[in-house]
Every structure is written in C-alpha cells, then in structure tokens.
Protein chains: 4
Amino acid sequence: MAEVGARKKLRQRRGADHARDVILDAAASVFAQKGYYGTTMEDVAVASGYSPAAIYKYFKNKDDLFSRLWNTMADRLQEIFDESTRLPMPFAMRLRWMVTRASQLLETSPNLLVAFIAQRPYAARARSNLEKQALRHYRSHQARIIELMESGIAEGVLREGGAADYALLLIGLLYEFAHRWVSEDGQIDVRQSVDRIIELFLRGAGHGS
Amino acid sequence: MAEVGARKKLRQRRGADHARDVILDAAASVFAQKGYYGTTMEDVAVASGYSPAAIYKYFKNKDDLFSRLWNTMADRLQEIFDESTRLPMPFAMRLRWMVTRASQLLETSPNLLVAFIAQRPYAARARSNLEKQALRHYRSHQARIIELMESGIAEGVLREGGAADYALLLIGLLYEFAHRWVSEDGQIDVRQSVDRIIELFLRGAGHGS
Amino acid sequence: MAEVGARKKLRQRRGADHARDVILDAAASVFAQKGYYGTTMEDVAVASGYSPAAIYKYFKNKDDLFSRLWNTMADRLQEIFDESTRLPMPFAMRLRWMVTRASQLLETSPNLLVAFIAQRPYAARARSNLEKQALRHYRSHQARIIELMESGIAEGVLREGGAADYALLLIGLLYEFAHRWVSEDGQIDVRQSVDRIIELFLRGAGHGS
Amino acid sequence: MAEVGARKKLRQRRGADHARDVILDAAASVFAQKGYYGTTMEDVAVASGYSPAAIYKYFKNKDDLFSRLWNTMADRLQEIFDESTRLPMPFAMRLRWMVTRASQLLETSPNLLVAFIAQRPYAARARSNLEKQALRHYRSHQARIIELMESGIAEGVLREGGAADYALLLIGLLYEFAHRWVSEDGQIDVRQSVDRIIELFLRGAGHGS
DNA sequence: AATGAATGAGTGTTCATTCAT
DNA sequence: AATGAATGAACACTCATTCAT
C-alpha cells in the first residue's frame, strides 16, 4: 500500500515489540495472498512500512518469519484440538465447542489461517525442513481429532468403526468451509455455519430413513 | 514427392507431439513434487531429457507449461462432473460413478492431481491471470456438483435444502481423501475408499437413531 | 576495462573451455588486485567480459572460483618443491633449479601468484574452510622445503642443525622477493635475482671472515 | 565552580580516552582474527562492549578505525627502524637491538602486528587511499632499513654492495618469522629466535668454508 | 556519553528466457 | 528439431552508517 519512497517518514521510535507485531501482521497478509514462494521480503517490507533490512533485525530470515506465523496458527489449532478432547463435557458439546473455536479463527486471523492452509499441499510430500515441520504439526492435529472421534464412538454418538474416517470427514468439512469463506471474502456468517457443519458431519447428506 | 514430404511432416508431427507429451509428463511429475515455484525449467528439462531451450519450442513459458497441465486436470474433472449430471441413471449410481472416476485420477495421474490441488488456496484470492483462470474452473466444478446435488434432492435421495452445502461436503471429502492418499504415498486402496466416502457423504458420522 | 554496457557485444560462441579460461584469467587479475573479499563477482564479470550469471555456469560460486585459482598455484608450487627433493642432482643444483622455477612463476602468472601470496596471512589463523585448506597447502610446501634443506645438510653444503630455520630463511627470501617484484611492477630481472637469492641464502649478509 | 567543571571535563576526557582505547584494543583483536573485510562493526562493538553507534562517536568510520590501528603499528615500527640507525653503537649491536625490539612487538601486540602484515600484499598494487598510505609507510620502513644496512657496510660488518638486497633478506626473515610465530600460536620463544635470525642474516645457511 | 532503531547501497546467487548455430 | 551459451531482472540477505532520544 505505502509507496516505497514514503518509507523514510516512518522513522518512528515505537519500540521493538511494536515493530515485531507490525511486521508479523503485514507478513501474514502478504503470505496469505501470495504464498511463501510468491512473497518477497520487499513485499513484506512495503506492507509493513519498514525496510527489508529492518525485518532482518527482528527475524532471522524469511523462513523464520514465515514459520513463526505458521507455528502461531498451528499452535492455536493444536490447543483447540487438545482441549476438545479434555473438556469435561459430552462429546456433542465438545465437538460443537471445537468447531466453533476453529471457525472463529477465520474471523480473528483470516490471513494467518489462509497462509496456514495454503501450506498444506506442500507438506504432503515434505522436502524442506519447513515442510517437514509442517507435516509433523498436521499429523499431530489429525491425531487429536481422531482421539476426539474415538470418544464420540465410546459415548455412542458416533457409529462404530472408522474414527480416522470421521476425522477425515470433519477436517475436510472444516478446510472446505474455510476455503469457501475466504473465496467469498468473509461474507458468510460463521456462527450459523457451525450448526450446518456439525449437522453435515453427524447426518451426512443422505435422507436417513 | 509430395507423399514423402507429407510422411516426413507426419513423422515430425509425431515427433513433436511425442516431445510435447514427454515434457508434459516430466513437468507434471516435477511440479507435483516441488510445486510451481519450487520447480525450475532446468528441473523439467532434466526430467524430460530435453534442454531448457527445447521446452520453449513447445511451450511459451513456464506459466504456459504449468497451466496446460493444470487445465488438463481441470478439464478431466470437469468432464467427470459434467457427465455425472447427464448420465441416464439414478442419482445414487451417478454419484458412485463420479466418485469412482474422480478417485481413479489419483491412480492414473497423481502428480497432475497434486499440482492441481496445491493451486487451489491461491485461487481463492485470485490475483494473477493464472489464478483467475483457476478460480473460474473451480467455480465451474462447484456449479456442476451443486447441480448433481439438486438432482439428488429432486430424486428424494438427499434431504431438502442446502445443495451447496452438500457440494461443500462432497468436495471436502474428495479433497481430504486426496490429501491423505498422497501423504500416505498411495498406499490406500482407492476402490474400497469410494464406498466409505459415499457412505460418509450420505450418512455422516452420526449414529442416526 | 570493458564497460558494463558493452557486454552485449561479446555474445560470441567460443566454447566453454575458452570461457572458463577467460574467466579464470580475469579473476586472477582482480583477486590479485583487491583480494578475495575486496573482489565482487561483478568485478570478475566486467574484467572477463561476461555477465555475473555466466560465471556461475562455469563455477559453483565465488569460493569455487577462487579456490580453483588458488589451488592451481598451490599445486604448481608443490610440484616444484616436490621435484626439487627428487631430482638426481647435488643439492646446490636442486636448490638453484627450485628457485629458478619458482621465480619464473612471477613472469608466467604474476596475478595468480600474488593472489596466492595475499591469502597467506589469513591462513595463519584459519577460520573458513578456504583458509583451512590453504593452511594445509602452506604446511605441505614447508614440509618439502625442510626436506630439501635436510638433504643439503646431509651433503655437507648447509651447516648442521636448523633445517626448519633454513626453510624459513629461504621462504622468507622468496616471498619477499615476490613482494618487491610486484611492487616494482615486474621491472626486476628475475634470472639475475635468482643468483642473488641463492647467494644471500647460502652466505647471508655477513662478511664471513 | 570552574574547578569542578574542569574536573568533570577531565573525567569525561579520561572516560572518552578510555573508551577510545577499549575500542582500539577490541578492534585490533578482531581485525587480527578476521581481517579487515571479515570484520564487521558489530564484531568490534561486541568485542568492545560498546554499541556500533558508540564507535562512530570516536572514529569517523571503519576505515578510520582500521587505519588508526594500522598506523599505530606502522609508527612503532618506524620508530624502531629510525632509532636503529641513530643509536650511537656499532652496527652489530644496533642490528640486534632492532631485531629484538621488532620481535617483542609479537608478544606485546600480536593482533596489531598480524593486521599490519596482512595488509601488505595489497599495498603492493595500491588502489585505495588506505593502500596508498600503507605503501608509503612500507617504503619508508624499507628506506630506513637500507640505511641501516649501509652503515653496516661502512663499518665493514656487511659485505660490499647490495644494501637493498640485505634489507630484503632481513625483512623477509622478520616477516617470515612473524608468520611462523602466529601460525604456531605464539609458542615459539622470541628471545632465542632473535639470535637465530641475526645469525641467519649474517651467515646465511651455507657452510662458509 | 550512549544506544536503539532504522536504512541505502550493495553482494552473492538463481532462474526464466533468448538466440545463433 | 535441438541446444550451448549467455544474460537481465530479481531475490534473500548483510553491513556500514545515521540520527533522534
């Protein structure tokens, strides 16, 4: 947004923490739009109002910058998934709680979440360290969700067999919903969608009878 | 004379077509492994056995090469989705046919499919022409699947309301399955999974009662 | 010498070997003038008439380019030192042969030799791999020269004791001569100097009596 | 009042001088270890305990900092060489005095000396101002040493002819000894080596007979 | 007296792309 | 039909240097 030439004006002493945050925000936005490889440090610099050199004062390198963002989101999700298996509530409520919390991330940190999601296809055939780290996180998420499903089966809310498949179903629904939410520019009502997602998850599309 | 010339031209044509195919195959494999940005024309050249310069005889540039691949997959999928609404069969069979055909792509062209999937997150906030084109394709796929869902509703197999949501559910399942298939290196049995996907789609995970 | 703008004209197809040699020559000259750190790849590019990118087609990186040059000279010297201990001649002749050959390098490859010499101080407290490799070479040279000295002692031409010191004396003379030769721009007659060096080495500056 | 002000100024002066010295010491150590180009102002800052910005309060820039160090050593050497021609003693004693004093610098300021030596190869083909200045110093040193040699000839201690060559011999010995001393990490006994250097200088390596 | 915060100007290196042969 | 040879335009990253506080 800001012109490169206008950079000088920003010589404000606002403190390192502030700079860190500003840069992270800007980076999240740019990474979400163009992906890791499509984003240049100059992009981040322009978006943040700092110079590329300044960014290196706060982050070791591009990888570091990206993976800090990525890990933030991975950790937030992990926390949600972890808690959803720990909460002392019946399965149905825990499920709803989890879906709600996860969906809210779309509203609070859409950029971060998109950057997170966009990285996933590359993780599948992990090559770089970044990708290997990502793969580990994705697997860890999956594991917790499977656990959640198992407790649902134990409680008799879910049918027997295939906890892994139920996890696949739920993750698919969540990712797909995120995709749609983004591609419709956040126009979809999240709260309402949570109900729909849960219903689809539990009853599927079939007529049931 | 003319005969010979024609024959030669034919041979050349064949040669040219052959080269084209070889390059496309090689490119699909490399793009799938390293993604668009991670792949260099040198990579494609080495994988295809041609020189980088030769590739430019057959494709305008890297974008062109990639988007031809991408479109190939997009078209194949489109065809499947189109046909699944046209086939003179009951919904249930058309659904199974569609899921089967789509899943088979994993076995016949996994590389192409991965490359196709990896592109999706960026399409959501389309910037470049490549991405805009992609977005159009994804939307077109979605439209057809919604149509399919509507016929399912009309036939009374699917519950009333929310064809778009059912599409979201099915697409989510398909993508997620593809993800898992790739990250487990194709070890999953596709045919068996088709049943599971359809069941999950129709009945969800819930106990039903 | 050549302007950057003039680069385009050089688009000649002269073969890879030719390019290699041209670049090596240019690099030797620039490294000799400005040292490893003071030399940029752009410097080498301009001096060679190629673009920086072209240089990377022939050499992996700056280190590679430099160490190839450096090793060439190190190996030539090693060869001279090695042979000076092997030749079936009396010590005096072998010594003369060695000093002659070494001195000639000044005339045939002054740039290379200067680049080689300039690197030595850094090798002393070797940090980088380049420097460690250099240190090994310098030590290996020294070892051979000490051997040569020992044979001189054995033949009774050199006084007893202190082969290592004699090596120090000779190496000091050679390096110092090279220094002077370079700083007087090659105006000194090499052949004549050989006699002088050998005399100084054998008799020192003292009056003797 | 004026008194107090003056005292404060003095203290500040002292503080400033102290800082200057601390920085110079730190810089000498770092330059000696990594060379001019290999050393960053950040390195100097860390080694000195000050911030990079602080260094600029005491020195105009990196070049200034380095050349002050360099000149310090150049001047100390110059002083030694100067005095060695002036001292009212016979040549042999003046020579010993000079070699002793010069060698002691290795023990008192090894870092400075290494930095000084490392600069020499580039001075030969002086380009920058730094190098031209250096060249002037080296030449001036040489001139004095030649003078010393001439007095040795005049006294009949050195053979006729070739004062310049004798200077080359002595300088070569001194530099080479410094090299060895550094590369053996200061393990060599300096006092003992002085005798050896003088003997080699006067008698060479030859058997004499 | 000292520094935290910031940047301009490079530096090595990569890569898509071109073109004469 | 194919490529060897070459480069312009970027890109990640570094570093000497400045300046308000």
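We name chains A, B, ... by the order of the sequence lines, and we start the count at 1 in each one.
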- request: Return yes if the base of F/dT7 and the side-chain atoms of C/K57 contain a donor-acceptor N/O pair under 3.5 Å, otherwise no.
  value: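 For C/K57, whose side chain was compared with the base of F/dT7, there is a donor-acceptor pair (under 3.5 Å).
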
Between [options], spot the one nearest the side chain of [X], thanks.
| X | options | result |
| --- | --- | --- |
| B/Y56 | F/dA2, E/dA16, E/dG12 | E/dA16 |
| A/Y58 | E/dA5, E/dT14, E/dT7 | E/dA5 |
| A/A54 | F/dT7, E/dT7, F/dT3 | E/dT7 |
| D/A53 | E/dT13, E/dG4, F/dA2 | E/dG4 |

field: Along DNA chain F (nearest heavy atom to each residue), the more 5'-positioned of C/I55 and A/K60
entry: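 Nearest-nucleotide comparison on DNA chain F picks C/I55.
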
message: Taking the nucleotide of DNA chain F with the nearest heavy atom to each, does D/D63 or A/D63 sit closer to the 5' end?
response: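 With D/D63 and A/D63 compared, the 5'-side residue is A/D63.
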
If I take atom [atom1] in residue [X] and atom [atom2] in nucleotide [N], what distance separates them, rounded to the nearest angstrom?
| X | N | atom1 | atom2 | result |
| --- | --- | --- | --- | --- |
| D/K34 | F/dC15 | NZ | P | 9 Å |
| A/L65 | F/dC11 | CG | C1' | 15 Å |
| B/F66 | E/dC15 | CZ | C1' | 17 Å |
| C/E42 | E/dT14 | CD | P | 16 Å |
| D/M41 | F/dT17 | CE | P | 6 Å |
| B/D64 | E/dT18 | CG | P | 12 Å |
| D/D43 | F/dC15 | CG | C1' | 10 Å |
| D/Y37 | E/dG12 | OH | P | 11 Å |

I'd like to know if the side chain of [X] reaches the main chain of [Y], judged simply by a donor and an acceptor atom lying under 3.5 Å from each other, with no hydrogens or angles considered.
| X | Y | answer |
| --- | --- | --- |
| C/N71 | C/A74 | no |
| C/K57 | C/A16 | no |
| C/K34 | C/T40 | no |

query: Considering Watson-Crick and G-U wobble pairs with both distances under 3.5 Å, what does E/dA9 pair with?
result: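 Base-paired to F/dT14.
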
query: Which one is paired to E/dC19, where only Watson-Crick or G-U wobble pairs with both distances under 3.5 angstrom count?
result: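 Because both required distances fall under 3.5 Å, E/dC19 counts as paired with F/dG4.
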
query: C/F116 and ring-ring contact (aromatic ring centres under 6.0 Å, His included): which partner among C/F66, C/Y36, C/W70?
result: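 Testing C/F116 for a ring-ring contact (aromatic ring centres under 6.0 Å, His included) against C/F66, C/Y36, C/W70 leaves exactly one candidate, C/W70.
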
- prompt: Taking for each residue the nucleotide of DNA chain E with the nearest heavy atom, is it C/N61 or B/T40 whose nucleotide lies nearer the 5' end?
  reply: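 Result of the comparison: C/N61.
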
field: Test applied, side chain to side chain contact (heavy atoms under 4.5 Å, CB included); reference residue, C/F31; option that passes from C/L112, C/D43, C/L65
entry: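 Passing option: C/L65.
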
